[in-house]
S.K.: 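Dropping the structure in here first, questions after.
Values in this document were obtained by computation on a predicted structure and should not be read as measured data. Just so it is clear: chains get the letters A, B, ... in the order the sequence lines come, proteins before strands, and each one is counted from 1.
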2 protein chains.
Amino acid sequence: MESSIITLAPSTASQVYDWLHRRVLRGELPPGARLSETEIATEIGISRQPVREAFIRLGSDGLAEIRPQRGTYISKISISAVLSARLIREAVEGDLARLTASLRPPQALGAMQAEIDLQHAADSAGDVNGFIESDDRFHRLLAVAAGHEAVWTDLERLKSQMNRLRHMSMRAFDRARTIAQHQQILDAIRAGDSEAAETAARTHLHQMLTELPQMVAQYPEFFTD
Amino acid sequence: MESSIITLAPSTASQVYDWLHRRVLRGELPPGARLSETEIATEIGISRQPVREAFIRLGSDGLAEIRPQRGTYISKISISAVLSARLIREAVEGDLARLTASLRPPQALGAMQAEIDLQHAADSAGDVNGFIESDDRFHRLLAVAAGHEAVWTDLERLKSQMNRLRHMSMRAFDRARTIAQHQQILDAIRAGDSEAAETAARTHLHQMLTELPQMVAQYPEFFTD
DNA sequence: GGCGCTTTACTTGTATGGAAGTATGGTTTA
DNA sequence: TAAACCATACTTCCATACAAGTAAAGCGCC
């Protein structure tokens with residue numbers, strides 16, 4: 001709110017946290033992987049304390065599990081947590097789509113269309129990371145368009161569990177279907193059809209996890225519950 | 001999942017965190033209050049390190065704000081965050097009520113009625129803390145009854161912002177209204193009326209914040225946004 | 001009187017040493 | 001052979017010292 005002018009150098013602990021957080025969400029650190037304070041500390045040439053504090057923050061996010069005197073491990077993907085995230089996002093984003101269809105703010109809708117165009121490009125280029133990042137922005141814009149940008153802050157926490165999964169399962173077919181569904185949502189909103197917008201949003205979020213059973217079967221050691 | 005048999009003594013840092021967390025939610029540590037690592041550490045006779053780690057976890061919860069080299073403060077209540085929490089809970093618990101009305105699991109519904117009875121008792125006794133705790137359990141039971149207990153884990157984070165507010169504003173009138181609305185929700189579920197159950201749940205959650213403007217006017221220094 | 005520098009007393013951030021607990025592999029013992 | 005014991009090498013946890021930055025009070029100067 002106030003100090004957006006000056007940018008102070010982020011602390012060592014924050015940098016380590018950001019680094020680990022990004023690697024976990026991208027699947028570079030797979031579920032079950034072991035982390036070591038001393039190992040990471042010596043690797044990047046700092047003391048154990050900042051690394052330890054980064055672990056604590058990862059633990060609060062539910063992305064790491066600290067077992068006292070035993071070790072720290074990347075959390076496995078909780079199936080029930082993923083399903084809960086889906087249920088919550090279906091309910092909330094369904095409401096947001098309905099709201100947006102009755103408001104139809106021109107600027108936000110244009111930004112959403114721009115993201116869909118970006119998704120076409122990222123899909124053709126095979127840029128999975130870029131695609132998922134644009135996907136995130138699209139859903140965030142839905143909250144903005146509904147006049148509840150702050151809602152996205154809370155949904156983002158839920159997305160992290162789902163994103164780990166999507167980095168594993170995102171294939172060409174899914175990307176094409178995702179883009180088509182995004183367009184469906186936006187078209188319904190543009191038409192001012194609240195009912196259709198809610199249904200499209202709910203359908204989209206529900207089908208996002210159709211591959212979950214296959215992923216569990218293929219990589220059982222990455223999941224729990 | 002596995003080690004529920006043996007209970008290991010919680011670490012010093014966890015105990016400090018639990019203590020602070022509880023005090024913040026109850027309003028004993030008001031928004032804007034200043035925290036000091038050294039002060040708390042010497043007060044309870046430990047070193048700064050565990051206290052510091054408790055601060056970090058409070059920061060992840062959004063309940064404290066750590067300003068580097070300046071100090072740590074209890075977060076003010078973000079109005080937009082509270083409104084977001086309400087929107088999310090309306091959408092999600094509306095769906096949960098609808099689901100429960102179609103399932104009608106007898107055991108869970110009995111437990112919900114028992115909580116309502118407890119709320120009557122706590123109300124008569126003027127036990128505000130006990131009332132709010134029973135209120136929490138009632139809403140948690142709604143998730144359990146719908147077969148999605150894990151959803152409550154996520155909703156609990158959102159509740160913390162709202163609970164700080166409720167500890168400030170909870171008066172006799174609100175408690176009576178709350179109990180009546182809980183009963184409405186449960187009755188609609190028992191009747192198997194999904195539509196009425198969803199409406200009752202949404203109405204209840206929406207009206208939970210009717211006193212927000214008054215609270216902001218009365219204690220402006222506790223709020224932000 | 002009022003502006004500006006300096007000192008001083010704070011704050012959190014990082015490094016390091018040791019304490020306590022855990023797991024593993026080798027050794028001893030029956 | 002097999003089971004119990006023990007040494008050892010880990011892990012996270014806590015305490016302590018110091019570093020780096022902030023803020024405010026005090027003092028000198030104009």
S.K.: Classify the ring geometry between A:F222 and A:Y219 as parallel (under 30°), tilted (30 to 60°) or perpendicular (over 60°).
M.R.: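 The rings of A:F222 and A:Y219 lie parallel, inter-plane angle below 30°.
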S.K.: Within this structure, what is the CD1-to-P distance between B:I66 and D:dT22, rounded to whole angstrom?
M.R.: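 My rounded result for the distance is 16 Å.
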S.K.: Return no unless some side-chain N or O of B:T72 is found under 4.0 Å from OP1 or OP2 of C:dT11.
M.R.: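 Answer no for this pair, as no side-chain N or O of B:T72 is under 4.0 Å from OP1 or OP2.
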S.K.: Side chain of B:R70 only, heavy atoms from C-beta on: which candidate in C:dA15, D:dC14, D:dA23 is closest?
M.R.: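 Closest nucleotide to the B:R70 side chain: D:dA23.
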S.K.: Taking only the side-chain nitrogens and oxygens of B:R52, find out if one of them lies under 4.0 Å from OP1 or OP2 of C:dG13.
M.R.: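 Looking at the OP1 and OP2 atoms of C:dG13, one of them is under 4.0 Å from a side-chain N or O of B:R52.
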S.K.: So, applying side chain to side chain donor-acceptor pair (under 3.5 Å) with B:Y73, which one of B:R34, B:E65, B:R67 is it?
M.R.: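 It is B:R34, the one option of B:R34, B:E65, B:R67 that forms the side chain to side chain donor-acceptor pair (under 3.5 Å) with B:Y73.
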S.K.: Atom CD of residue position B:E221 - does it have more than 12 heavy atoms of other residues, nucleotides or ligands inside 6.0 Å?
M.R.: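 Yes - once you tally the heavy atoms of other residues, nucleotides and ligands closer than 6.0 Å, there are more than 12.
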S.K.: Would you kindly give the CZ-to-C1' distance between B:R67 and C:dC10, to the nearest whole Å?
M.R.: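 Rounded to the whole Å, the gap is 15 Å.
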S.K.: Give the residues of residues 12-20 of chain A touching DNA chain C, defined as any heavy atom closer than 4.0 Å, sorted by residue number.
M.R.: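 Contacts with DNA chain C under 4.0 Å: A:T12, A:A13.
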S.K.: How many Å lie between CD on B:Q49 and C1' on C:dT12, as a whole number?
M.R.: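 Checked: the CD to C1' distance equals 11 Å.
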S.K.: Phosphate oxygens OP1/OP2 of D:dT12: is one of them under 4.0 Å from a side-chain N or O of B:S11?
M.R.: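 For D:dT12, OP1/OP2 do not have a side-chain N/O of B:S11 under 4.0 Å.
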S.K.: Around atom CD of A:E43, are there more than 12 heavy atoms from other residues, nucleotides or ligands closer than 6.0 Å?
M.R.: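 Yes, because the 6.0 Å sphere around CD of A:E43 holds more than 12 heavy atoms from other groups.
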S.K.: Counting distance alone, no hydrogens or angles: does the base of D:dT22 have a donor or acceptor under 3.5 Å from a partner atom on the side chain of B:Q69?
M.R.: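 Per atom types, no contact qualifies.
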S.K.: Below 4.0 angstrom, which residues in residues 32-48 of chain A have at least one non-hydrogen atom near DNA chain D?
M.R.: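 DNA chain D contact set from residues 32-48 of chain A: A:R34, A:L35, A:S36, A:E37, A:T38, A:R48.
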S.K.: Rounded to the nearest 0.5 Å, what's the gap from NE2 on A:H148 to CG on A:L155? Could you check?
M.R.: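 If I round to the nearest 0.5 Å, the distance is 12.0 Å.
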S.K.: Does a salt bridge link A:R89 with A:E156, judged by any charged N lying under 4.0 Å from a carboxylate O?
M.R.: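 Result for this pair is no, no salt bridge flagged.
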S.K.: Given atom CG of B:L58 and atom C1' of C:dT12, what is their separation to the nearest angstrom?
M.R.: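 The distance from CG of B:L58 to C1' of C:dT12 comes to 16 Å, rounded to the nearest Å.
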S.K.: Verify ring pair (Phe, Tyr, Trp, His ring centres under 6.0 Å) between B:H182 and B:H120, making sure each step is shown before the conclusion.
M.R.: CA-CA 11 Å; B:H182 284 172; B:H120 279 293; over 10 Å; no
S.K.: Between B:F55 (CZ) and C:dT11 (P), how many Å, whole number?
M.R.: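 So the CZ-P distance, B:F55 to C:dT11, works out to 10 Å.
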S.K.: When rounded to the nearest 0.5 angstrom, what distance separates CD1 in A:I79 from CG in A:L165?
M.R.: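 It is 9.5 Å, given to the nearest 0.5 Å.
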